[in-house]
Amino acid sequence: MIETEWVDEEAGPLVRPYAMVRGRTRSRQEVFDLVAFVVAVVDTLYGWVNVEPEHGALLSLCRRPLSVGELSARTDLPVGVVRVLLGDLLDMGAIRVREPAYAGGRPSLDLIKEVLDGLRAL
């Protein structure tokens, strides 16, 4: 018998995001900025160990470069979960990550302050 708190009529059985990543909240890799691009370097994860279906879904989407934020949106998974799963894929050597290139290095402190002020105004 399925408990009603674990089933949504439209979505079916629900799995908490932390269960997908076995309770981990961070990956060993800290390179997953929302606008970082990820691309697959292998075709399949067949035969690899400790692979979840979500790993395969992310790898399929990464056949062409996509940002971490876009991967989160397309898989309907929280960004934190996507970052942990991508960290697994990076550790396995299944993906490459390209950080965004900012003109002149990182944004200036003044620009960051202006963005924060704009966000607060919302």
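The analysis underlying the following values was restricted to heavy atoms, covering all of them including side chains, and did not include hydrogens, waters or symmetry mates.
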**Student:** Report yes if some heavy atom in the side chain of E52 is under 4.5 Å from a heavy atom in the side chain of L58; otherwise report no.
**Tutor:** no
**Student:** Please say yes or no: joined through hydrophobic side-chain contacts below 4.5 Å, possibly via intermediate residues, are V97 and V42 part of one cluster?
**Tutor:** yes
**Student:** Would you give the length of the straight line joining atom SG of C62 to atom CZ of R74, rounded to the nearest 0.5 angstrom?
**Tutor:** 10.0 Å
**Student:** Rounded to the nearest 0.5 Å, what separation is found between the CG atom of L59 and the OG1 atom of T44?
**Tutor:** 7.5 Å
**Student:** Nearest 0.5 Å, what's the CG-CD distance between L61 and E70?
**Tutor:** 8.5 Å
**Student:** Would you indicate whether D117, at its atom CG, is surrounded by more than 12 heavy atoms from other residues, nucleotides or ligands within a distance under 6.0 Å?
**Tutor:** yes
**Student:** Check whether any side-chain heavy atom of V39 sits under 4.5 Å from a side-chain heavy atom of R64, and report yes or no.
**Tutor:**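 Heavy-atom side-chain distance check fails, nothing below 4.5 Å.
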**Student:** Set out, in order, the CA-CA distance, both residues' side-chain angles and the distance that settles side-chain contact (heavy atoms from CB on, under 4.5 Å) for R83 and L34, then state yes or no.
**Tutor:** CA-CA 9 Å; R83 285 180 171 149; L34 278 177; 3.8 Å; yes
**Student:** With a 4.5 Å limit on heavy-atom distance, are the side chains of V38 and L71 in contact?
**Tutor:** yes
**Student:** Test V51 against M92 for side-chain contact (heavy atoms from CB on, under 4.5 Å), laying out the working first.
**Tutor:** CA-CA 10 Å; V51 176; M92 290 185 259; 4.3 Å; yes
**Student:** Can you find a pair of side-chain heavy atoms, one from L77 and one from E54, that are under 4.5 Å apart?
**Tutor:** yes
**Student:** If you round to the nearest 0.5 Å, how far is CD1 of I95 from CG of L85?
**Tutor:** 10.0 Å
**Student:** Which of these, V82, V81, L66, sits in a side-chain contact (heavy atoms from CB on, under 4.5 Å) with S72?
**Tutor:**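 Result: among V82, V81, L66, V82 is the only option passing the side-chain contact (heavy atoms from CB on, under 4.5 Å) with S72.
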**Student:** Are L86 and L90 linked, directly or through intermediate hydrophobic residues, by side-chain heavy-atom contacts shorter than 4.5 Å (ILVMFWY only)?
**Tutor:**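 Same hydrophobic cluster.
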**Student:** Is a side-chain donor or acceptor of R98 paired with a backbone partner of P65 at a separation under 3.5 angstrom?
**Tutor:** no
**Student:** Salt bridge or not between D110 and K113? Use side-chain N to carboxylate O under 4.0 Å.
**Tutor:** no
